[in-house]
4 protein chains.
Amino acid sequence: MAVAEPESTRRRRAPRADAIRNQEAIVEAATKVLAEQGTAVDVREIARLSGVGMGTLYRHFPKKEDLVKTVLRQDFTKWAESARLAAIDAEDPWAALTDFFWQALTGYARHRAIVENFALTWSDPDLEGIQQLRLVIERLCDGAKGVLRPGVTTDDLLLLLVSLGHAVQVTDDCRPQMWHRLLHISLDGLRADHREPLPARHSTGTWSPRSRTPSSGCRETR
Amino acid sequence: MAVAEPESTRRRRAPRADAIRNQEAIVEAATKVLAEQGTAVDVREIARLSGVGMGTLYRHFPKKEDLVKTVLRQDFTKWAESARLAAIDAEDPWAALTDFFWQALTGYARHRAIVENFALTWSDPDLEGIQQLRLVIERLCDGAKGVLRPGVTTDDLLLLLVSLGHAVQVTDDCRPQMWHRLLHISLDGLRADHREPLPARHSTGTWSPRSRTPSSGCRETR
Amino acid sequence: MAVAEPESTRRRRAPRADAIRNQEAIVEAATKVLAEQGTAVDVREIARLSGVGMGTLYRHFPKKEDLVKTVLRQDFTKWAESARLAAIDAEDPWAALTDFFWQALTGYARHRAIVENFALTWSDPDLEGIQQLRLVIERLCDGAKGVLRPGVTTDDLLLLLVSLGHAVQVTDDCRPQMWHRLLHISLDGLRADHREPLPARHSTGTWSPRSRTPSSGCRETR
Amino acid sequence: MAVAEPESTRRRRAPRADAIRNQEAIVEAATKVLAEQGTAVDVREIARLSGVGMGTLYRHFPKKEDLVKTVLRQDFTKWAESARLAAIDAEDPWAALTDFFWQALTGYARHRAIVENFALTWSDPDLEGIQQLRLVIERLCDGAKGVLRPGVTTDDLLLLLVSLGHAVQVTDDCRPQMWHRLLHISLDGLRADHREPLPARHSTGTWSPRSRTPSSGCRETR
DNA sequence: TATGAATGAGCATTCATTCAT
DNA sequence: AATGAATGAATGCTCATTCAT
């Protein structure tokens, strides 16, 4: 029943069937190698794996960084979404939080490039990756107000995720489930029955155990 | 002409005075740049900074990796020692643990190469680095038996350290003290008042929140 | 539905309407960018600017060089024509010559591709570009017999044009009018009051100042 | 008689015999290919021709541009010097000027990279190449005050050189001596017997033959 | 036939490692 | 033994030309 095709259709000869296929192949291949080897991979490897020439790859992604960012954005989104879904039908707010972490750490923490870049996404506005997760966490955090220790912020949970994500990666090869225990411990520390306030958020008067002055660290010259 | 070589000859031909000095200079320089820039540094930079030629550097350390390992071994040791000392005159076992973590995270967590390689030291037998810390933690762990949640192992604490170390590094630039809160939370989760057992250590029957089957992670194809 | 194709079909299948339009668009676009950026431009740029696809462009001009030559041929013609017209209503033969140079240097000397390729057109029979100018100059030369120094040939004037064209381009950015003086000087050198004969045209017995043997040049090995 | 070697000698283990040889080989090879093919040559070609690896080439010249500039500087200097020497024992100031141009145009005008870059050296302070020639010309210009048309500047002569250099290059393949005539003409135009003043140096009130407004040039949109 | 996506050789540059001095 | 010059494979990226749709 479609009446005369909208103008745009006439102009933009839709069919980029193969182009789309290629783009997808590139992203797929990139996702794979970035997950496995991190952002240091040779672009040629991605091209080879996706079955396209260098030119094609660079037509779709003019800079390696563009491809990396595209993949990361997508994977962060997938990650956030899968973790969100895992939390959605939990019985109670606490279970939702638990399930979220579980899924998040199970799902993507072994993605080299993601873990590599999680750090950077704190500040890089191009990579809203972390924002996706922030949003999910924020909702969980709000929903868990009563069961969460007072003063715990979304950013605390986000950082916890980053932190545990690294633990997952570290132990992935030889102690694949060891992080379960760490998650357990951390979650327990987050419960409402800990009434002791957390150190100030932007502490200038730095909290330290028994006011010990930190000393003899490395890179003091900085 | 040479008369019977004196005993020393049998060993190795004494003149290692400068050789030792060189080796030390190399390691010192490497320590600095590895801490600052991670293992990606150009070997030339190390040679330049230590004032020796490339040849000398490669005589002492045939592969870049050898040098890196040497430095890491040493820095891990220093790290462990400084953290140990920080804990030694604590009032009670719990304070010792607290102080240990505090010092460890304050002191070396910004050492790029260390954090980069902490992961590897789990499995790499060449790098007993982590063992040094293990030893210290083991003692603290034993001493804190009563105040520590039952079932917490040395390895748990070690992994917690790795995990928090990453958090420190991630936030170092923009939120320098944010990890304090995470440490606080984690330590609280470690206390004896949490009587719930931790998930099994080498869980084959994997613990999971409400027996959820982990799904749709990345790199399943592996 | 198409009724029997009219005669034109035998010739070539009439529909060259758009083909011609395309060809024109391509040449127009190419003219612009070649003038602005020289022959190093990316062919894509030309395609984009002319609104046709790469395929179409390459259908009309199988090699980049073909397109360049077409454009140059055309621009040389336009150039020659505009310079001819500038000379046509001069008061006397000398003024005609002067006006010609003036117009030629003002008009096209900043056309990057033209200046770039002026050299080649001496020898390349495909590019009769220079011939167009030759024709014009020849007429001017003939008309100016009396006022021109004896022995000056059309080719001399042609080469002078090439030479000054380069000067125009060189100084275009920072000393836009500096070439005026050079033109003035050269024209004065062309006047009839210089009676000294010019060096032989195809001098084997090379003219040289005081028979100095040229020495130590570059590329002697060639 | 040399007393104790100066300190610097002790430190800087002089012998870079092969390094010097290599550097020379590189420059020599670069000189050759730059003269023949211009600055577009592949760096590999230079490396191959000089018999060194890429790394060696880049050790001596961290950027291609560095090598190019080094070669150009050297060749400009050689060029200026050879032209200066050619002028030095001329009988009179005018002959000096003539000989200078002769030698300059005979010597290096076929050096592709030099001609390519002559233009740029007007503005690029890194390439004092042109300055060398300027200096020589300046002296000749001063010395020829009486025989040179009044108002002729060093820059006029410099531009004439650039301009004629291009003519030499253009005709090198098919009409190798044609530029002799042009030089003759130009020099005649420079003589003192032309008393008509040259157009203003920084003419705002642009000189033009019969005040013709320049029109219909290319690149008007600029 | 027109389109623009695909190709891949080619280019400047880096860096771990080897080797002549 | 020490030096630092030499090596060359590898990397990110470009662009004239071809080809599937």
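Lettering of chains follows the sequences in order, A, B, ..., and the numbering in each one begins at 1.
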Using whole Å, what does the distance between atom [atom2] of nucleotide [N] and atom [atom1] of [X] come to?
X       : N      : atom1 : atom2 : answer
C:Leu34 : F:dA16 : CG    : P     : 11 Å
C:Phe61 : F:dA16 : CZ    : P     : 16 Å
C:Ile26 : E:dT1  : CD1   : C1'   : 13 Å
A:Arg48 : E:dG8  : CZ    : C1'   : 13 Å
B:His60 : F:dA1  : NE2   : C1'   : 9 Å
B:Ile46 : E:dC15 : CD1   : P     : 13 Å
C:Gln23 : E:dT1  : CD    : C1'   : 15 Å
D:Asp18 : E:dT18 : CG    : C1'   : 14 Å

Going from OG1 on D:Thr70 to CG on D:Leu34, what distance comes out if it is rounded to the nearest 0.5 angstrom?
->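 D:Thr70 atom OG1 to D:Leu34 atom CG measures 10.5 Å (nearest 0.5 Å).
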Any chance you could measure C:Ile46, atom CD1, to C:Leu67, atom CG, to the nearest 0.5 Å?
->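 C:Ile46 atom CD1 to C:Leu67 atom CG measures 5.0 Å (nearest 0.5 Å).
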Whether C:Glu116 side chain and C:Thr39 backbone form a donor-acceptor pair below 3.5 Å =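 Indeed, once roles are kept as given, a pair shorter than 3.5 Å links the two residues.
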Earlier contact from the 5' end, DNA chain E, for C:Leu57 and D:Arg21 |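 Nearer the 5' end of the strand: C:Leu57.
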Using a 3.5 Å limit on both pairing distances, list the dot-bracket string of DNA chain E from the 5' end; Watson-Crick and G-U wobble pairs count, crossing pairs take [ ], interstrand pairs take |.
-> .||||||||||||||||||||
Looking only at side chains, do D:His111 and D:Asp75 share a donor and an acceptor under 3.5 Å apart?
->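 Their side chains do contain a donor-acceptor pair, which is all the 3.5 Å distance test asks for.
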Proximal nucleotide (of E:dT7, F:dT3, E:dT3) relative to the A:Val52 side chain |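 Between E:dT7, F:dT3, E:dT3, the one nearest the side chain of A:Val52 would be E:dT7.
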Min side-chain heavy-atom separation [X]-[Y] under 4.5 Å:
X       : Y       : result
B:Glu24 : B:Val27 : no
B:Glu28 : B:Lys32 : no
A:Arg44 : A:Met54 : yes
B:Lys69 : B:Leu72 : no

Identify each atom pair where a protein N or O and an N or O of nucleotides 9-13 of chain E are less than 3.5 Å apart, giving names and distance.
unit_1: E:dG10; atom_1: O6; unit_2: A:Arg44; atom_2: NH2; d: 3.4
unit_1: E:dC11; atom_1: OP2; unit_2: D:Asp42; atom_2: OD2; d: 2.3
unit_1: E:dC11; atom_1: O5'; unit_2: D:Asp42; atom_2: OD2; d: 3.1
unit_1: E:dA12; atom_1: OP1; unit_2: D:Val41; atom_2: O; d: 3.3
unit_1: E:dA12; atom_1: OP1; unit_2: D:Lys64; atom_2: NZ; d: 2.6
unit_1: E:dA12; atom_1: OP2; unit_2: D:Asp42; atom_2: OD1; d: 2.8
unit_1: E:dA12; atom_1: OP2; unit_2: D:Val43; atom_2: N; d: 2.9
unit_1: E:dA12; atom_1: N7; unit_2: D:Arg44; atom_2: NH1; d: 2.9
unit_1: E:dA12; atom_1: N6; unit_2: D:Arg44; atom_2: NH2; d: 2.7
unit_1: E:dT13; atom_1: OP2; unit_2: D:Tyr58; atom_2: OH; d: 2.8
unit_1: E:dT13; atom_1: OP2; unit_2: D:Lys64; atom_2: N; d: 2.9

Would you please test B:Gln23 and B:Ile20 for side chain to side chain contact (heavy atoms under 4.5 Å, CB included) and show each step?
-> CA-CA 5 Å; B:Gln23 169 128 356; B:Ile20 288 173; 5.6 Å; no
